[in-house]
Amino acid sequence: MKSQIKAICSVLSFSLRFAAENDRLYIPLKILGIIPDVIFGILTVSIPRYIIDSVGINKDIKAALLFAGALVLTMLLQTLLTGLLGNAISLRDMRLNRKLSEELQRAAARMPYAEFESRQTLDDYGMVREFISEITVSSVLDTVFSAFSNLLKLFSYLYILLEYSWIFMIVLIASTIVRAVCQNREEIGLFKLQEKTAPLNRRIGYVSRSVMDYSNAKEVRVFRLHDFIAEKFDRYMKKMYSLELSSIRKLSPLRVIAAFTQALFLSATYGLIGLSLYNGDITVGTFIQYTGAVIALAAALSGFLSAVVALKNQNQYVSCYLDFVGKYDRESGSGGESEAKRRIPMTIELQNLSFRYPESETYVLKNINLTFHLGEKIAIVGKNGAGKTTLIKLLLGLYTPTEGRILLDGKDISEILKDEYSAVFSAAFQDSELFRYSVRENISFDRPFDEERAEEILRALKIWERLERCEDGLETYVTRALNENGSDFSGGERKRILIARALYREAGIYIFDEPTAELSPRGEQLIYDSIFNLPSVQTVFFISHRLASCKRCSRIVVFDSGAAVGDGTHDELMAQGGLYAEMFSAQAEAYREEDE
Amino acid sequence: MKNLFASFGDSFKKALYLFRIQLSFGWEGVFTQFLYIFMLTVKKIIPVLLPKFIIDACTGKQLSAFVIVLISFSAFSWIVDSTIGITEWVQTVYNLKFAHYFKRRISAKAMTMDYKDLEDSEALDGLERAMDAAYYGLSDTLFSELFLHILLLIFLFFTVSTLNFPVALVTLAVVLLLYFINRKATEVNHDFEMQKSPLRRQREYAENCMLDFGTAKDIRANDAQNMFLSKFADASEAEIEVRKKQNRYNLGIGTLKTVLNALMIFGMYAYLIRSYSDGLVAISSFTVYLAALYEFYGAVEGLFGCLLSFRESAVNLAEIDGILGRTETITKDGKPTEESVRSIEFKNVTFTYPGQSEPAIRGLNLFIDAKDSTILVGENGAGKTTLIKLLLRLYDVDSGAILVNGTDIRELSYPEYIAHFAPVFQEVWLFAYSVKENIAFSDAADADKMREALDFAGIAEYIGKLPDGIDTFCTKNFDENGVNFSGGEQQKLTIARAVWRCADVVIMDEPNSALDALSESRLSENMRALAESKLLLLISHRLSMSRFCNHIVVLDNGEIIEEGTHTELMNKNGRYAEMYNMQSLQYK
């Protein structure tokens with residue numbers, strides 16, 4: 001009970017504070033919206049009494065017409081006022097929802113990248129996203145104010161009825177207690193059901209998404225996966241139906257009990273009021289008013305109870321959201337929004353660097369000690385799963401070292417402001433994708449665009465002519481998803497724009513993590529040429545499986561099972577005869593054998 | 001006017017269709033629904049009638065009648081409320097069934113739709129809209145709600161007409177007028193929704209970019225958060241602007257409707273009061289009329305809402321039908337394929353991607369013998385992958401033909417035909433299911449055969465070391481112990497998938513792009529062995545792969561420029577020799 005009250009309070013305080021902080025007029029407007037609702041509620045219940053009594057007892061037609069006019073006017077005013085306020089509030093609702101989403105987006109941007117790979121975070125994160133997209137803060141506020149307004153109505157109808165007799169109080173309290181207990185039991189049952197259906201829902205969602213996501217369309221067609229997928233869908237659905245039905249079977253007696261209480265409450269009150277009418281204590285008009293008030297009271301009570309239950313349920317989302325946003329509030333210590341200046345570090349040093357995923361026992365990287373210097377062109381090579389990409393993610397600050405540290409010009413990177421640190425790097429990854437915005441925005445994002453510089457890079461990458469041919473030039477949108485005049489770029493073209501993005505960014509260190517795997521050797525060579533020829537690119541890391549390209553680098557670091565097992569130039573490593581030499585000859589052999 | 005009924009007639013037919021679908025889930029669902037709606041109506045009528053009985057009993061001093069009324073009322077309301085409580089609940093299950101029925105059918109369609117349509121943004125949009133329509137746009141309570149509102153209106157109309165029939169007719173006229181206003185408002189609102197929908201799409205795209213895992217790396221590495229935030233804000237504001245106009249319009253319409261309604265009700269009240277004072281109505285009946293009139297507007301609005309959802313459902317169903325009714329060029333119909341593929345022939349094939357002006361393949365002729373192992377080489381964009389897509393009938397040729405064992409593949413039954421092929425595509429795709437399911441697409445898989453396939457791809461040892469072995473989930477989506485496989489590992493799993501299929505023709509499109517040098521050389525050894533028994537069709541940028549292929553095809557700009565064995569082409573000293581020398585030089 002205590003925890004439930006606490007839950008409701010926390011939803012109340014969160015939503016009201018959020019509304020007050022972001023929109024000073026929101027709460028006053030909402031309250032303004034409640035008042036006519038309550039007043040007109042009382043009026044619609046009460047006015048008929050006066051109409052009836054005017055005609056029935058006083059035989060005063062004029063008065064009756066006046067009251068009838070008042071009733072109609074009440075109705076008219078209520079509709080107009082509610083409409084007017086509703087309009088104003090609906091816009092503010094949209095803004096509040098937007099604000100909340102922005103707050104989450106900012107928090108998500110500050111979330112350490114590695115957290116994306118933790119199961120727990122993903123679960124919470126899923127809930128938070130559901131909160132902002134499905135539940136929304138505006139509907140939480142709606143529930144809050146519906147609870148208030150129903151409570152006010154409850155009291156106002158009660159007030160009307162108390163004029164008649166205090167016995168109502170007792171009847172009402174008794175029936176409320178029974179109904180609240182029923183509703184609470186039901187909620188507990190539904191919560192259990194939800195715990196069981198949530199994973200099913202996730203799976204069903206995945207199945208339908210994976211069908212609509214056409215990146216797997218080739219597999220679906222060629223491997224004839226229709227039945228494989230449909231079977232999964234049907235299986236989860238069947239499970240879901242039976243779970244739902246069994247919980248309905250278990251919980252429906254509660255509803256019968258609640259209905260019974262409700263019926264008792266209604267007939268008791270009708271009986272009491274009717275008895276007074278029978279005894280001639282009240283007029284017909286009053287009878288109508290009281291019975292109307294009873295019905296309205298019952299509705300207000302149901303409305304209040306279900307709003308409270310809804311608030312209680314929303315708490316899990318709200319608290320999840322607050323935890324999430326609170327966790328990534330200012331933790332990264334980003335001092336200001338100011339654009340950090342380009343910085344070219346002289347050295348970057350890895351000291352006893354080790355890394356494992358938080359939930360895993362095995363180290364992906366173990367005790368790495370390396371120092372890189374300005375102007376080096378470094379190739380990171382190794383077998384699949386040797387830890388190359390992890391190293392890059394550590395360098396970029398996407399992961400935090402489990403042990404050891406990374407020093408930038410001698411300073412531990414954990415002490416450097418995040419904005420300042422990330423301004424040091426520019427990176428392109430194998431799975432990078434273009435955004436559905438213009439080519440220009442894909443290259444420079446919202447920063448001032450230096451067209452000359454972009455042209456130089458795009459020309460070097462041999463993609464300039466293709467863009468020039470487009471009607472909108474650099475303003476051409478990628479795909480037609482957000483712009484009708486967008487263009488579909490081929491895989492090779494996309495890669496080159498992505499590399500242009502990385503090269504355009506003024507950074508001290510450039511990182512290319514297998515961005516050229518699908519390109520032809522000629523295409524790859526072109527990209528390496530343009531990277532090597534750009535004077536602004538001084539220090540650069542490459543990851544590539546094509547060792548012929550690595551050969552051009554001034555330094556090659558070889559990784560095997562999380563350790564650096566070789567470090568030197570191509571010639572040095574070949575002379576040492578380690579893993580690198582083995583790999584290089586494996587690739588070279590293919591060409592040699594044929595020459596026999 | 002005729003048009004009006006015609007459009008409603010169509011909506012009605014569509015609603016009947018939906019109703020039949022519901023019936024197919026069993027009569028219980030429909031029964032529950034009608035019961036629910038019926039009880040709701042009763043619940044609305046009780047407070048209108050009940051006071052009359054009580055007043056009659058009480059003012060007439062009939063205590064026994066009063067007690068009977070009370071007892072029957074409490075029994076009645078118990079039954080009504082319990083029934084509502086339970087049927088409301090049971091309905092949610094049928095609701096789910098109904099929504100899933102269309103979701104499933106659209107999903108099934110999305111899987112069989114011509115592949116080329118998936119690159120057509122119009123078809124994709126249509127698919128998305130159909131899915132949205134199935135989620136939010138179809139009502140499964142059309143008839144029961146219509147039933148409710150008609151029932152309620154008949155009751156109210158009947159009540160009012162006992163007072164005076166012409167008065168009831170006047171109300172009907174007002175109702176009709178309100179109907180036309182509502183109709184117009186619906187159209188205008190639809191336009192507003194159309195204005196909002198691209199804005200919503202923009203807003204959601206920016207939001208998803210900020211929140212999704214897939215884009216997180218790039219946004220972080222580029223410090224691009226602000227751009228997405230401002231795109232999000234801009235789209236939201238634009239959406240709010242439209243909403244503002246929409247609100248203003250709806251307020252105007254709402255006022256008009258309320259005023260009309262208020263006038264009507266006031267007139268009725270006045271008439272009622274006059275009738276009472278003329279002694280035409282008893283006080284108890286007076287209360288009934290008063291309450292009935294007050295309910296009138298709500299009932300009329302309810303009916304309009306219901307008619308509107310008929311139309312909405314019809315529009316949304318049309319959206320769904322548009323997708324479900326798409327014809328497919330690739331079907332089950334056709335001749336059976338022979339037991340084994342002996343040859344593949346491209347005859348004068350030309351193909352242009354939809355929406356492109358330049359053909360990707362230009363009058364290409366190519367004969368592939370099952371005994372040979374063939375490799376396609378050439379620059380990016382030369383048409384290598386396109387040839388594979390054509391062969392797999394992901395696209396059909398514009399002109400010319402592809403023949404398998406001499407038969408045009410378009411004449412063959414697709415499921416049978418495609419069973420002869422086992423492809424590895426360039427883009428790796430794994431489902432968030434177990435390794436086993438990703439390879440065999442079935443839960444029951446022979447462990448030895450699985451090991452063989454994994455071994456071929458060079459990943460058996462790695463998978464064997466995982467605690468869950470081949471039952472390990474890909475990604476942590478559905479399993480805490482799931483593994484996020486690296487790019488190279490994923491590629492190996494897709495190779496295992498192709499090997500597992502035991503098809504005549506094995507196609508590998510850049511199967512080694514993410515593999516390290518040692519895995520690559522091991523894979524090519526395995527492929528050499530595989531080529532002994534299968535038709536191997538390979539695409540690779542690494543010409544080292546060509547060493548065990550005796551049929552090398554060099555493509556450029558959609559055409560074959562050279563063809564032959566390695567020795568032949570080296571002697572020819574053309575493009576292949578140039579490419580090969582360039583590459584091998586790098587390894588000297």
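Predicted model, so just to flag it, every value in this text is computed and none were measured.
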| query | Between the side chains of A:S490 and B:N380, is a donor N or O closer than 3.5 angstrom to an acceptor N or O? | reply | no

| query | Of all of A:G280, A:G492, A:A64, which one pairs up most often with chain B through heavy atoms under 4.5 Å apart? | reply | A:A64

| said: Taking B:A514's backbone N and O only, do any of them form a donor-acceptor pair with A:H545's side chain (distance below 3.5 Å, no angle check)? | reply: yes

| request: Calculate, to the nearest 0.5 Å, the distance between atoms CZ and OG belonging to B:R542 and A:S520 respectively. | output: 12.0 Å

| note | Applying a strict 4.5 Å limit to non-hydrogen atoms, the region of B:F213 in contact with chain A is both

| request: Kindly compute the distance separating CG (A:L76) from OG1 (B:T255), expressed to the nearest 0.5 Å. | output: 8.5 Å

| Backbone of B:M227 reached by a side-chain donor or acceptor of A:D446 within 3.5 Å | yes

| message | At a heavy-atom distance under 4.5 Å, which candidate from B:L272, B:I283, B:T287, B:L251 has the highest pair count against chain A? | response | B:L251

| Which one of A:R203, A:E524, A:Q525, A:Q262 has the most heavy-atom pairs closer than 4.5 Å to chain B? | A:R203

| query | Do you know which of B:S486, B:A206, B:A221, B:S77 has the most heavy-atom pairs under 4.5 Å to chain A? | reply | B:A221

| field | Short side-chain to backbone donor-acceptor contact, B:D516 and A:N384, under 3.5 Å | value | yes

| field | side chain to side chain contact (heavy atoms under 4.5 Å, CB included) between B:W89 and A:L251, intermediate numbers included | value | CA-CA 10 Å; B:W89 223 345; A:L251 297 174; 3.2 Å; yes

| B:S442, part contacting chain A, at a heavy-atom distance under 4.5 Å | backbone

| If you measure from CD1 on B:I106 to OG on A:S208, what distance do you get to the nearest 0.5 Å? | 10.5 Å

| message | Any carboxylate oxygen within less than 4.0 angstrom of a Lys/Arg side-chain nitrogen, looking at A:R98 and B:E239? | response | no

| message | Quick check for you: to the nearest 0.5 Å, what is the distance between B:S513 atom OG and A:E514 atom CD? | response | 8.0 Å

| field | Candidate pair B:Y276 and A:K59, rule side chain to side chain contact (heavy atoms under 4.5 Å, CB included), full reasoning | value | CA-CA 9 Å; B:Y276 179 79; A:K59 309 280 180 215; 4.2 Å; yes

| said: Please determine whether side chain to side chain contact (heavy atoms under 4.5 Å, CB included) holds for the pair B:K217 and A:K393, giving the CA-CA distance in whole Å, both sets of side-chain angles, and the decisive distance to 0.1 Å. | reply: CA-CA 9 Å; B:K217 244 184 339 207; A:K393 286 179 176 165; 4.1 Å; yes

| note | Sequence neighbours excluded, the answer for ring-ring contact (aromatic ring centres under 6.0 Å, His included) partners of A:F260 is B:W78

| Region of B:N484 that comes under 4.5 Å of a non-hydrogen atom in chain A | side chain

| query | Taking every heavy-atom pair that is under 4.5 Å apart, which of B:A233, B:G381, B:S524 has the most such pairs with chain A? | reply | B:A233

| field | Selection from A:L275, A:I273, A:L264, A:I204 maximising heavy-atom pairs under 4.5 Å formed with chain B | value | A:L275

| field | Portion of A:E433 that has a non-hydrogen atom of chain B nearer than 4.5 angstrom | value | backbone

| query | Between A:Y357, A:F425, A:F287, which shows the greatest number of heavy-atom pairs under 4.5 Å with chain B? | reply | A:F287

| request: Please flag which part of A:L84 lies under 4.5 Å from any non-hydrogen atom of chain B: side chain, backbone, both or neither. | output: both

| Interface residue of largest heavy-atom contact number with chain A, from B:Q202, B:E207, B:R201, under 4.5 Å | B:E207

| Quick one: of B:F441, B:F485, B:F228, B:F266, who has the most non-hydrogen atom pairs under 4.5 Å with chain A? | B:F441

| field | Test item: B:P423 and A:F223 side chains (from C-beta on) under 4.5 Å apart, heavy atoms | value | yes

| Side chain, backbone, both or neither: which part of B:Y115 has a heavy atom under 4.5 Å from chain A? | both

| remark: Answer key: most heavy-atom pairs under 4.5 Å with chain A among B:V90, B:T258, B:V80, B:N250 is B:T258

| said: Can you tell me which residue among A:I52, A:T291, A:L277 is in a side chain to side chain contact (heavy atoms under 4.5 Å, CB included) with B:I55? | reply: A:L277

| task | Please identify each residue that fulfils salt bridge (Lys or Arg N to Asp or Glu O under 4.0 Å) with A:K218, with sequence neighbours left out. | result | B:E427

| said: For A:Y206 and B:Y433, I'd like to know if the aromatic rings sit close, meaning centre-to-centre distance below 6.0 Å. | reply: yes

| request: State yes or no: are the ring centers of A:F435 and B:Y205 separated by less than 6.0 Å? | output: no

| Residues A:R255, B:D81: salt bridge by 4.0 Å N-O rule | no

| task | Using a strict cut-off of less than 4.0 Å between a Lys/Arg side-chain nitrogen and an Asp/Glu carboxylate oxygen, indicate whether B:D223 and A:R505 qualify as a salt bridge. | result | yes

| message | Less than 4.0 angstrom from a charged side-chain N to a carboxylate O is my criterion; do A:R546 and B:E520 meet it? | response | no

| query | Would you say A:H226's side chain and B:A108's backbone share a donor-acceptor pair under 3.5 angstrom? | reply | no

| task | Answer yes or no for B:K97 and A:Y241: cation-pi contact, defined as NZ/CZ to six-membered ring centre under 6.0 Å and angle to ring axis within 45°. | result | yes

